[in-house]
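Data block below; observations after.
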Amino acid sequence: MLSKPKRRLDAWTVVTAACTLFFLLFLVYPISRIFIQSVHTAETGFTLAYFRKFFSKPYYTNALLNSFKVTLCVTVLAALVGTPMAYILRTVQIKGKAVLEILIIISMLSPPFIGAYSWVLLLGRSGPITWFINNVLHITFDGIYGFGGILLVFTMQLYPLIYMYISGALKNMDDSLNEASESLGCVGLSRIFKVVLPLILPTLLSGCLLVFMRALADFGTPMLIGEGYRVMPVLIFNEFISEMGGNDSFAAALSVIMVIITTVLFLAQRYISGKKSFSMSATHPMSAKKATGVKNVAAHVFVYLVVGISILPQLTVAFTSFKNTSGRLFVDGYSLNSYREAFGKMGTSIVNTFVYSIAAIVLVVILGTLIAYITVRRRSKVTGALDTLTMMPYIIPGSVMGISLLMAFNKQPLMLMGTAAILIVAYVIRRLPYTIRSSSAILAQISPSVEEASISLGASHMKTFVRVTAPMMAPGVVSGAIMSWMTIISELSASVLLYVNTTKTLTIAVYTEIVRGNYGVAAALSVILTLSTVVVLLIFFRVSGNREISM
């Protein structure tokens, strides 16, 4: 009787199993803990009481409605600002375009709560612009706080996402389509609405989804300037950490509601984009042309005005970081006192930021490269499921991810709560999709015949990957890793739940100093964070060989 041949266990099978186990342990298990905690208590067993509590009280449902109100308005405004910006900069010659594009990217990469803090300095109740509106224009204005302030901060922070998505789509659009429409009499706004917009609609939907997710999940901005305008991330945070009446199970139920909402929106966007998706290849790409007259003036005014407003928070923070302070107040004179205090009292948080982010990026590069390879080159049901798992952090809010990790790893045998490891895990899980996407994209452009030639010459599959494939993937991997690193060093939503005093990072230090009213130190720390982002951005340009970031 013949025995069945044994299935060969190769290195890639082990890699696939290890990557799958990593996501099962640090993503699926924590998220499942939230779902279980939301419907189960030790006293009553299975219960839907926490969901009934949420939907039965306007105090809670209004927070959900407020979140939708903010995110929908922000998404529409970001699209209305970002789409014209991309079209103008792609089709019209704008003076200083290279500098403007860098400023747009910097305004996007700075954490939203720093923008909120900067606008408080300008438009708070004691801000100079508020004083001018009240005393010179004689218009009653009580400051930036509430819905309007949140809307302003989010819009100026997130429109660059739409700008980059649309700019990339227009880059791939063949200009012959515009020429053909002009020959048929379709010009001006008519051409934009009938030709350009339908072609870039799938990309616009993807950008809008990302803006919606970012605005829905952000915690810092509404916490700082909301002043009673409750939204879901703040409600979850307060319910989870509150010493007076907080409830972990209710916070878990709120988190489940957020996960369900973001998942439905993500699936809906993918379905709509899939229905309308198509590929464009520009043999005659669009190029910027010199405009004249009113069109030229209007284009320059619009672009300069938008960029000026969006970069104003960074300029405000840089200016105030050199002002002298007395307690919570800025006083006359300038010095480096805020920087001395920042490096003295907060030096550990600066070191922690770079140590944790570098450790996370090493893991992101290794995991991102391996996962991209097995999902592109070794397709199977397991790698397909893994590919889907790697997209989940893309749609899970940071506060939800933080709570899930705390619930999952707050006791033995894997006690991570209060350690640097739990922060690093959160960074890796949340930012890994950037590297996986960029690595997969460049791997898809590498012909499998190159690897086949190496194997035919006697090299093993793993040796071929290390010696041939990985070096060819390096540009995409490095670009994705740098993008991941820029988002890691500005992470707040998950970090603010996971840190302890010894693991405080730069963003947490900025946030806590703002809350305490130490605005000078907060400004100095914000400048350090922004400069770190700019340095990484310059490295990205150097490595990628261009001045564009693709999303």
Side-chain angles (χ1 to χ4, degrees), residues 73-108 154-212 269 272-273 276-311 546-551:
C73 290
V74 167
T75 302
V76 171
L77 289 175
L80 291 176
V81 174
T83 304
M85 283 285 290
Y87 186 78
I88 290 171
L89 285 170
R90 181 61 64 181
T91 59
V92 179
Q93 289 183 4
I94 301 294
K95 293 181 180 179
K97 176 183 176 181
V99 175
L100 292 172
E101 289 184 329
I102 292 175
L103 293 178
I104 291 172
I105 295 170
I106 291 173
S107 68
M108 177 198 70
F154 276 155
T155 300
M156 301 318 298
Q157 172 77 24
L158 297 176
Y159 86 84
L161 291 172
I162 300 291
Y163 164 79
M164 287 193 292
Y165 268 87
I166 299 302
S167 184
L170 292 174
K171 184 180 179 181
N172 294 325
M173 182 176 171
D174 201 308
D175 204 29
S176 60
L177 296 172
N178 289 323
E179 295 169 356
S181 65
E182 286 183 6
S183 67
L184 294 173
C186 184
V187 295
L189 291 176
S190 178
R191 184 185 68 191
I192 292 174
F193 284 102
K194 291 183 178 179
V195 178
V196 178
L197 271 180
L199 289 173
I200 64 174
L201 183 59
T203 304
L204 179 59
L205 288 174
S206 297
C208 286
L209 174 70
L210 187 54
V211 169
F212 191 96
Q269 184 272 335
I272 295 171
S273 296
K276 297 181 177 291
S277 65
F278 48 84
S279 60
M280 291 190 293
S281 179
T283 56
H284 178 43
M286 297 174 66
S287 59
K289 299 178 177 63
K290 188 173 183 179
T292 57
V294 177
K295 180 181 178 181
N296 185 51
V297 173
H300 278 78
V301 169
F302 177 75
V303 171
Y304 287 159
L305 182 63
V306 171
V307 174
I309 295 174
S310 60
I311 204 66
N546 60 59
R547 291 183 174 270
E548 294 182 350
I549 291 181
S550 58
M551 298 296 294

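Along the sequence shown, residues carry numbers from 1. Keep in mind that the numbers below use all heavy atoms, side chains included, and drop hydrogens, waters and symmetry copies.
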Qualifying residue for side-chain contact (heavy atoms from CB on, under 4.5 Å) with Tyr159, from Thr83, Leu80, Val306 | Val306
When rounded to the nearest 0.5 angstrom, what is the spacing between CG in Leu209 and CG in Leu204?
-> 11.5 Å
The ring pair (Phe, Tyr, Trp, His ring centres under 6.0 Å) partners of Tyr304 (sequence neighbours excluded) come to His300
Out of curiosity, Leu77 CG to Ile162 CD1, how far, rounded to the nearest 0.5 Å?
-> 11.0 Å
Not counting sequence neighbours, which residues clear side chain to side chain contact (heavy atoms under 4.5 Å, CB included) with Ile311? List them please.
-> Leu103, Ile106, Ser107, Gln314, Leu315
Quick one: OG1 on Thr75 to CG on Leu205, what's the gap to the nearest 0.5 Å?
-> 11.0 Å
Show your working on side chain to side chain contact (heavy atoms under 4.5 Å, CB included) between Met85 and Val307 and close with a plain yes or no.
-> CA-CA 9 Å; Met85 283 285 290; Val307 174; 3.7 Å; yes
Taking all non-hydrogen atoms of both residues, which atom of Cys208 and which atom of Ala79 are closest, and how far apart?
-> SG-CB, 4.1 Å
Answer yes or no: is there a side-chain heavy-atom contact under 4.5 Å between Lys95 and Leu100?
-> no
So, do Leu89 and Ile104 sit near enough that their side-chain heavy atoms are less than 4.5 Å apart?
-> yes
Compare every heavy atom of Val74 with every heavy atom of Phe154, then report the nearest pair and how far apart it is.
-> CB-CG2, 3.5 Å
Please round to the nearest 0.5 Å and tell me the distance separating atom CG of Asn296 and atom NZ of Lys290.
-> 8.0 Å
To the nearest 0.5 Å, atom CD1 of Ile88 lies from atom OH of Tyr163 at 10.5 Å
